[in-house]
Amino acid sequence: MEQVSERKFFSSTRIAVIAMFSTIAGILYIFNFAMPFAFPSFLDFKFSDIPVLIGSFVLGPVSAAIIVVVQILIKLVIEGTTTNFVGELSDLLTCCAFAVTAGAIYAKKRTFKGALIAIAVGTVCEVAVAILSNWLVLVPFYVSFFFGGSWDPLIGMMTPLFPSCTRETFYNFYLWVSVLPFNLLRCIVAAVVTILVYKRISILINRFNDKLQPKEGQEVKAKKINYAVLFSALGVVLLLVLFALLRFFVFAD
């Protein structure tokens, strides 16, 4: 069966499916939760990787990147940012490292084995980016910007799980015992759900796409519709950017 990702990129079907996955991912991105019994309380578990990975397999890596960006814009409009966009930037990088990498590999080899390889490589990329971003960007930013250079608040959030955590051992506990397994768990959950439902969703989307294919003699009309949908989608994205910036600069507490 011909895949949606192999058809014209700026089609009404693709834009509609991107919008659907972006909305689902945005909602799941907002409704995150902590697992303080296993990880530090400030690491929030998100199921938003699932629609992003499915979208990447169905539509390709570029569409996955768009879904990630839009989901973050939706969150910024609804909730704003508590990290001056640093946390959202980290989520953007880690999610893209996972889903975009996996989608790019799967696009070259659309088999079950190819999917497993794609997910495995994507998982390695996400974990690596998560460790590097926390080590080089997130932790130094939080310490200097939010805690005035003091490590005590961060260490205080680690000691309920790791009583022996100190300034000298912080990164050992945080990066290798928290960030690494936490992101592995995120990727595994997304991978399992994607493998279980991807084919069914792909079939439904391709059937929907077949019904929207222009009949003979209606190509010009279909092209106009595609352009209208495309410009409408761009308008929505620009509005999301505008509202996100307004929330940050005007309506922030």
Side-chain angles (χ1 to χ4, degrees), residues 3-5 9 18 21-22 24-26 28-29 32 35 38-40 42-73 75 83 85-142 171-199 201-202:
Q3 300 292 326
V4 175
S5 58
F9 191 86
I18 288 175
F21 281 127
S22 298
I24 297 172
L28 293 176
Y29 187 56
N32 52 64
M35 294 188 291
F39 304 105
F42 52 87
L43 289 178
D44 292 326
F45 193 89
K46 306 174 180 69
F47 287 109
S48 54
D49 292 332
I50 296 171
V52 176
L53 183 60
I54 295 173
S56 187
F57 275 21
V58 174
L59 303 170
V62 176
S63 297
I66 296 172
I67 294 170
V68 174
V69 171
V70 175
Q71 78 164 8
I72 292 175
L73 288 175
K75 183 264 182 185
T83 63
F85 303 110
V86 174
E88 287 76 23
L89 176 61
S90 176
D91 288 338
L92 172 68
L93 294 176
T94 54
C95 197
C96 282
F98 177 47
V100 173
T101 302
I105 295 173
Y106 183 68
K108 301 294 184 182
K109 191 174 182 60
R110 290 185 172 277
T111 63
F112 182 73
K113 181 179 178 180
L116 294 180
I117 293 172
I119 289 170
V121 175
T123 298
V124 171
C125 290
E126 173 168 338
V127 171
V129 170
I131 290 173
L132 289 173
S133 63
N134 274 276
W135 175 35
L136 299 176
V137 179
L138 282 178
V139 171
F141 175 80
Y142 274 96
Y171 279 121
N172 291 335
F173 285 108
Y174 181 57
L175 295 180
W176 308 115
V177 189
S178 300
V179 172
L180 190 153
F182 178 81
N183 282 274
L184 275 177
L185 179 62
R186 280 180 57 180
C187 293
I188 291 171
V189 170
V192 170
V193 176
T194 299
I195 290 173
L196 290 176
V197 306
Y198 159 69
K199 285 297 182 182
I201 293 176
S202 180

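We're numbering straight along the sequence, starting at 1.
- Residues satisfying the ring-ring contact (aromatic ring centres under 6.0 Å, His included) criterion with Y29, sequence neighbours excluded, are absent altogether.
- At a threshold of 4.5 Å between non-hydrogen side-chain atoms, the residues F39 and P181 count as touching.
- Between W176 and I131, the closest side-chain pair of non-hydrogen atoms falls below 4.5 Å.
- Counting only distance, with no hydrogens or angles, the side chain of S178 and the backbone of L175 share no donor-acceptor pair below 3.5 Å.
- At a threshold of 4.5 Å between non-hydrogen side-chain atoms, the residues N183 and T123 do not count as touching.
- Looking at residues two or more places apart in sequence or on another chain, you find a side chain to side chain contact (heavy atoms under 4.5 Å, CB included) between A104 and P61.
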Less than 3.5 Å apart, which donor and acceptor atoms pair up between the side chains of residues 184-192 and the rest of the protein, not counting sequence neighbours?
unit_1: R186; atom_1: NE; unit_2: D49; atom_2: OD2; d: 2.9
unit_1: R186; atom_1: NH2; unit_2: D49; atom_2: OD1; d: 3.1
unit_1: R186; atom_1: NH2; unit_2: D49; atom_2: OD2; d: 2.9

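- In terms of heavy atoms, Y106 sits closest to T111 at CE1-O, 3.6 Å.
- Here the shortest heavy-atom pairing between T83 and F141 reads O-CE2, 3.4 Å.
- Taking each heavy atom of S56 and G103 in turn, the nearest pair found is OG-CA, 2.9 Å.
- In this structure, the ring-ring contact (aromatic ring centres under 6.0 Å, His included) partners of Y174, at least two apart in sequence or on a different chain, are F42, F170.
- Residues passing the side-chain hydrogen bond (donor to acceptor under 3.5 Å, both in side chains) test with S90 are S133, sequence neighbours excluded.
- Among all heavy-atom pairs drawn from I54 and F21, the shortest one is CG2-CZ, 3.8 Å.
- Residues passing the ring-ring contact (aromatic ring centres under 6.0 Å, His included) test with F47 are F33, F45, sequence neighbours excluded.
- Judged by distance alone, the side chain of T101 and the main-chain N or O of A118 form no donor-acceptor pair under 3.5 Å.
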